[in-house]
Trainee: 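My structure is below; once you've seen it, I'll send some questions.
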Amino acid sequence: MATDGDAVVGFVGLDDLSLDMAASLLRAGYKVQAFEIDETLVDKFLNLGGTRSASLIEAGKEVAALIVLISHVDQINDVFFGQQGVLKGLQKGALIILRSTILPSYIQNLEKRLRDEDSMAHLIEAYVSRGFSEVLKGRTMITSSGRSEANAKAQPILSAMSEKLFTFEGEVGTGSKIKMVNELLEGIHLVAALEAISLCTQAGIHPWIVYDIISNAAGNSWIFKNHIPQFLRGDTKVHSYRTVVQNLGIVLDTAKSLIFPLPLLSVAHQQLILGSSYGQGDDSDVTFVKVWGKLLGANIQDAASAELYEPEQLARQIVAKSVVVKRIGFIGLGAMGFGLATHLLKSNFCVVGYDVYKPTLTRFANAGGLIGNSPAETSKDVDVLVVMVTNETQAESVLYGDLGAVAALPSGASIILSSTVSPAFVSQLERRIQGEGKGLKLVDAPVSGGVKRASEGTLTIMASGTDEALTCTGSVLSALSEKLYVIRGGCGAGSGVKMINQLLAGVHIASGAEAMALGARLGLNTRVLFDFVKNSGGTSWMFENRVPHMLDNDYTPYSALDIFVKDLGIVYRESSSLKVPLHIATVAHQLFLAGSAAGWGGQDDAGVVKVYETLTGVKVEGTLPVLKKEVVLQSLPPEWPLDPIDDIHRLNQSNSKTLVVLDDDPTGTQTVHDIEVLTEWSVESLVEQFRKKPKCFFILTNSRSLSSEKASALIKDICGNLSIAAKSAENIDYTVVLRGDSTLRGHFPEEADAAVSLLGEMDAWIICPFFLQGGRYTIKDIHYVADSDWLVPAGDTEFARDASFGYKSSNLREWVEEKTRGRIPASSVSSISINLLRKGGPDAVCDTLCNLQKGSTCIVNAASDRDMAVFSAGMIQAELRGKSFLCRTAASFVSTRIGIIPKAPILPKDLGINKERKGGLIVVGSYVPKTTKQVEELKLQCGQFLKKLEVSVDKIAMKSLEEREEEINRVAEMANLLLGACKDTLIMTSRELITGKTASESLEINFKVSSALVEIVRRISTRPRYILAKGGITSSDLATKALEAKCATVVGQALAGIPLWQLGPESRHPGVPYIVFPGNVGDSKALADVVKSWALPSRLSSTKELLLNAERGGYAVGAFNVYNMEGAEAVVSAAEEENSPAILQIHPSALKQGGIPLVACCVSAAELANVPITVHFDHGTSKQELVEALDLGFDSLMVDGSHLSLKDNIAYTKYISLLAHSKNMLVEAELGRLSGTEDDLTVEDYEARLTDVNQAEEFIDETGIDALAVCIGNVHGKYPASGPNLRLDLLKDLHALSSKKGVFLVLHGASGLSEELIKASIQRGVTKFNVNTEVRNAYMNSLSNPKKDLVHVMASAKEAMKAVVAEKMRLFGSSGKA
């Protein structure tokens, strides 16, 4: 990689593209060397900083990659396999990047030969070209193909050499294939452009006028825009097309070998053969415009030389002197017509509308229009009549049929015909209208631009007619158009221009279908192919607009296929009338006819591709591949080397703007901490927040749960309040971020439109759904959702199938077009690439943002938090230059934009609630499949302590109000009881997803479910230890409606991407931790992991922790022997009252009598206690009983080998210690031997012995024990009448040893010790005192007083023991230490 500074790349053969590639490699830190014989190219290479190689072998020495330029197949043998071939110098495993356009079969043979000769080299084919799009104009593009291992190895080098890299996995040879597809398009577009110019010439329309209009319209292509000026000026010579003819012949031969029909290319090829056959010999310099004119019988040269005029200037002159129009009739209120008519209403015209479809008339009346019941009635008393019907037949009918308009029009009225009809029809219609003798005038005014632009009055209109007619209609035409062209030539000229546009548009759709079908047959990834072509010479407006429909297999009719049957039919008739042979347009017409005949006429015109699919069996639909995450991320260029966070902090000091995040659900706080969240947005609250001058705050809108209309109204309300509050708080400046879902769900563009309507137009909308913690990456404009080790295109995930916010596009440019319904075309969306972020840094981001056209939409690619930080730093720079942005982003943008440094996940102990003995509440409402999987895993892992309550969605959303109320009450009552019993409780909706027939119905069902969960939680009165809400809508509604929180503080995250709030003081449960768990975050185990980390621990502490805390705090913990339930309850009750830790201790004799139920009773008592209690097995004198005790639930045990020799004691203790430590149990052992009696076991005085310090050191080292029970004169049972005689000096020595070894000291026989001895022992290191005799005596003495009932006996015994235990706790100093 370039980052090591030593990687070398070699070149064999140079050209201009090679020099650019070498320069890029040098800038990236690579070294480059080359073999080339052309001295001019060598000099340029050396000037760049490269090194010259003397031979092919030398060029390949010690290189990471060798780039070989081959222009002919005959070169392969000499360059690779000759005596001086490059293979002689290549090191093992080197990479060969072959630059060539030879046929794929030759490249595949080369790869096979390399493998057969065991060269160990990896082969990549690279087709290198320059970009033609506005974004990549003149920059290097590389299309690479090869096997996955070779591609992975090549990616860093190829990325370093190119501005845009297209990668195809699999066989080499893809570059040649993709070149053929692009050449197919260029060839067809060239002939179509020439036919269009020939037709307009014969129709009497100036070619340069047509060029100027169409190069900015839907009929445009790169070929038309860049070749036609040269053609019209006579700059292109016939011989220059002979190479094109040859290349197209190769494409046709390849298709023939595949048995694949290419009708459009075949005709284009024949036309170019005919044209290029002229000019042989002495006439080789003849111009192509002259030849083409002869071929088609059109004098194009003279037409192009005729006097020019400016159609837009003519339009301005007409509008300036237009007359006042009082009343307009409008016939044809279809999709386009309705938009045009309602826009006229908004422009303060009086409009009478008519349509055969009656519901449309009602809609028009509701919009403020007047209604006519027939064309005749609509035309009475109007100044201007607009006719917008589908075809010539309908136009004839509404004007001259029964109750036709012409007869009813007042004298002098004007007719605007905006239907797409033939020029001949318009000319004939004008003569007929003039023959009426009423002074009627006709304007030929076809339109272009689509439904959305019609309603906005921003269409392109090509108008023609008499000056009088145009003057009388100028104000109407101006109101409906953004671009108004007045075409000279009288009625029919406007339709002539529209006809030329439709000729090109139709051919470009059909050629796009032919190209993509061929690409599919060649085995190319059609989406990558599309991405390549749209940046190359084969692109066109229609290719970029319609091919995405083919790739998505979505033929929802934006423009029906039958429209081109009609429009190309007009072209065919006019060309026949004008005697202009249009071969390409005729074949395209036949393709659309074939599609219509197959029954696809009502589908989108992109459906013409199905003609090819049906004939050949290919599928153009481009399913984006699922990619290996590691391979993709490693293939990207190295990250920007400097961390911009410090720069962001510095820039934010200069940039006083507060970031206001409008969060459409509460999960947007996934990456921030120590930030406030408001759940209401009154002006007063916003003023208070602004006056704090925070760098950022969130407003929880929860708009994703609302309808589009309500969400828009809500955003307007908030933005209005923000504006007022900012002015009230000393004119605070702020930037609004619309935080949305990282899986692209939510109200876009409605919320953005609403915000802009209040905040004013922005320089750009920023779309940035990257979210690392959720596994959301945007790479090469494709948005991916990580699923384990794979990257899945977002459009192929369950999120894209959301009932309310579903979508199809994974490419964010296309997603913008899809969500805006074509208002913002994909081709107009800008993009910040990962290359730019990682190679150019914040300054390049700033420059790009500052150069965007005002009102642009820009998407941001990102694959790491560093990428996000680079973008944020660049955006702040742009804001400091005065630019304003509206951001629609996921959570990652917010944290980097304000420079937040991540911190570790928050645990209960961080909030000081780890010892609270209360139940936690988990509420699950989300229905995404990920949530369902997480819930299943939660039940699997946590079922032993988690109580589950399922809410029937059928009852709360689909049944009667009574059944709904009954279900809500049932769940709330049970939850109260479980939480009161300290049980973690899961409330979840039943998992069967119920949806409505429409998106609005689905939202209504969601509302019913969410409101039921709100009501359930509202009725829970028990304060939970914590609350976890699963799902965005669920968490929002619970916070605001059930818990009545108006504000909260984002403390941090419970797990990556899972926000943790603390509720504000006004809420029903102030300070309770509130975990906002998004529906779409985490793997299947994430929910279980969070619940386990926040679950009530089975013990609040271990025995080791108890003794460690005692050692640190200078006190000791009492270990009290218990024999029954009353004893356990006595110890726990005393501990809770004294707020003291304690140990429940079971002697083997007690275990023998009480058995496992006694242990279970003690374990349960310890788990339910609200202070730290552990359970200890005391005095295990046999391996059998100790091994059995290991699995009974004890926290610790004592190995008592004191009756054995030192050697045997060590062996015995070590054996048990190893077993116990494997189960994380503390091990206590005794060295020395106590005298006295305990539980009928007596040790005589002569058998007792004190602990020897030297033996103790050996004992500790050999056994690995944790605690040592010492014998310093202490006894079991009663001390003699003279009292205890403890060897405190010995205890001091043992303490010195134990401190060094990290072992706790334990003193048995604490009953009867004085306060003075107790304190002295604690000072000398004792952390655990065993107490038995005094507690036993208290129990026995209580039995001597007769009681009326057994329960009274139990209560009396418990109280007696409790008093002794409490006294000992105070004596040991443990009271108040829990």
Side-chain angles (χ1 to χ4, degrees), residues 639-663 668-678 686-699 722-723 725-727 729-739 755 759 762-766 768 770-772 832 837 840-850 852 858 860 862 864-903 1049-1053 1059:
E639 291 183 344
W640 181 248
L642 304 175
D643 188 348
I645 289 296
D646 288 340
D647 286 339
I648 288 172
H649 290 154
R650 177 180 53 79
L651 289 166
N652 279 330
Q653 295 297 319
S654 305
N655 183 21
S656 59
K657 288 187 174 183
T658 295
L659 204 68
V660 181
V661 185
L662 308 189
D663 197 357
T669 53
Q670 291 162 302
T671 58
V672 300
H673 55 80
D674 303 312
I675 297 289
E676 289 193 13
V677 180
L678 302 182
L686 295 174
V687 168
E688 180 182 351
Q689 193 63 223
F690 275 134
R691 283 180 175 157
K692 295 177 184 177
K693 296 189 176 178
K695 55 186 176 182
C696 172
F697 66 89
F698 279 71
I699 298 175
L722 280 170
S723 180
K727 291 173 184 174
E730 302 170 6
N731 286 317
I732 293 290
D733 203 0
Y734 60 93
T735 293
V736 169
V737 174
L738 299 173
R739 205 295 305 185
L759 302 174
M762 301 290 164
D763 287 293
W765 288 2
I766 304 297
C768 181
F770 165 77
F771 176 40
L772 183 66
I832 301 287
L837 293 169
D843 290 346
V845 172
C846 176
D847 290 342
T848 301
L849 293 176
C850 288
L852 291 175
C858 180
V860 181
S864 70
D865 281 333
R866 177 66 60 86
D867 293 339
M868 202 71 267
V870 169
F871 173 76
S872 296
M875 177 180 156
I876 298 170
Q877 289 181 32
E879 287 183 319
L880 289 171
R881 292 191 193 178
K883 297 295 180 179
S884 60
F885 305 102
L886 180 69
C887 304
R888 175 82 182 187
T889 78
S892 290
F893 168 78
V894 178
S895 54
T896 54
R897 173 61 179 73
I898 57 179
I900 279 186
I901 298 172
K903 65 180 183 180
T1049 300
V1050 184
V1051 180
Q1053 282 69 49

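We use all heavy atoms of the structure for the numbers below, so side chains are in, but hydrogens, waters and symmetry mates are not. All residue numbers in this chain count up from 1 along the given sequence.
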Trainee: Show the atom names and distances, to 0.1 Å, of all donor-acceptor pairs under 3.5 Å that link a side chain in residues 886-893 to residues at least two apart or in another chain.
Mentor:
unit_1 : atom_1 : unit_2 : atom_2 : d
R888   : NH1    : E751   : OE1    : 2.7
S892   : OG     : L772   : N      : 3.4

Trainee: What pair of heavy atoms forms the shortest contact from A869 to I645, and how long is it?
Mentor: CB-CD1, 4.4 Å
Trainee: Measuring from atom CD1 of I648 to atom CD of Q877, what distance do you get when rounded to the nearest 0.5 angstrom?
Mentor: 10.0 Å
Trainee: Take D867 and S864, measure what side chain to side chain contact (heavy atoms under 4.5 Å, CB included) needs, and give me the verdict at the end.
Mentor: CA-CA 5 Å; D867 293 339; S864 70; 3.3 Å; yes
Trainee: Using atom types as modelled and distance alone, determine if a side-chain donor or acceptor of H673 lies under 3.5 Å from a backbone N or O of P1059.
Mentor: no
Trainee: Quick one: do C696 and V672 satisfy side chain to side chain contact (heavy atoms under 4.5 Å, CB included)? Show the steps, please.
Mentor: CA-CA 10 Å; C696 172; V672 300; 5.9 Å; no
Trainee: Take atom NZ in K693; do more than 12 heavy atoms of anything else shown fall under 6.0 Å from it?
Mentor: no
Trainee: Can you sort out the partners of R881 under side-chain hydrogen bond (donor to acceptor under 3.5 Å, both in side chains), two or more places apart, ordered by chain and number?
Mentor: none
Trainee: For a quick test of reading the model, state the closest non-hydrogen atom pair linking I675 to K695 and the distance between them.
Mentor: CD1-CE, 4.5 Å
Trainee: Could I get the full list of ring-ring contact (aromatic ring centres under 6.0 Å, His included) partners for F690, not counting sequence neighbours?
Mentor: F697, Y734
Trainee: If the condition is side-chain hydrogen bond (donor to acceptor under 3.5 Å, both in side chains), which residues does S872 pass it with, not counting sequence neighbours?
Mentor: T896
Trainee: Output all residues satisfying side-chain hydrogen bond (donor to acceptor under 3.5 Å, both in side chains) with S895, sequence neighbours left out; order by chain, then residue number.
Mentor: T671
Trainee: Please name all residues satisfying salt bridge (charged side-chain N to carboxylate O under 4.0 Å, His left out) with R897, sequence neighbours left out, ordered by chain then number.
Mentor: E879
Trainee: Please report the closest heavy-atom contact between K657 and T735, naming both atoms and the distance.
Mentor: CD-OG1, 3.1 Å
Trainee: Using the rule side-chain contact (heavy atoms from CB on, under 4.5 Å), only one of V736, N652, V737 pairs with L659; which is it?
Mentor: V737
Trainee: Test side chain to side chain contact (heavy atoms under 4.5 Å, CB included) on R739 and T669 and set out the steps.
Mentor: CA-CA 9 Å; R739 205 295 305 185; T669 53; over 6 Å; no
Trainee: State, to 0.1 Å, how close L651 and A873 come at their nearest heavy-atom pair, and which atoms those are.
Mentor: CD1-O, 3.7 Å
Trainee: Roughly how far, to the nearest 0.5 Å, is the NE2 atom of H649 from the CD1 atom of I876?
Mentor: 9.5 Å
Trainee: Which heavy atom in R866 sits nearest to a heavy atom in E639, and how many Å separate them?
Mentor: CB-OE1, 3.5 Å
Trainee: Could you go through L837 and F871, starting from their C-alpha distance and side-chain angles, then the distance that decides it, and tell me whether this counts as side chain to side chain contact (heavy atoms under 4.5 Å, CB included)?
Mentor: CA-CA 7 Å; L837 293 169; F871 173 76; 3.9 Å; yes
Trainee: Look only at the side chain of D763 and the backbone of F885, and say whether a donor-acceptor pair between them is shorter than 3.5 Å.
Mentor: no
Trainee: Looking only at heavy atoms, which two atoms of T658 and P694 are closest? And how far apart?
Mentor: OG1-O, 3.1 Å
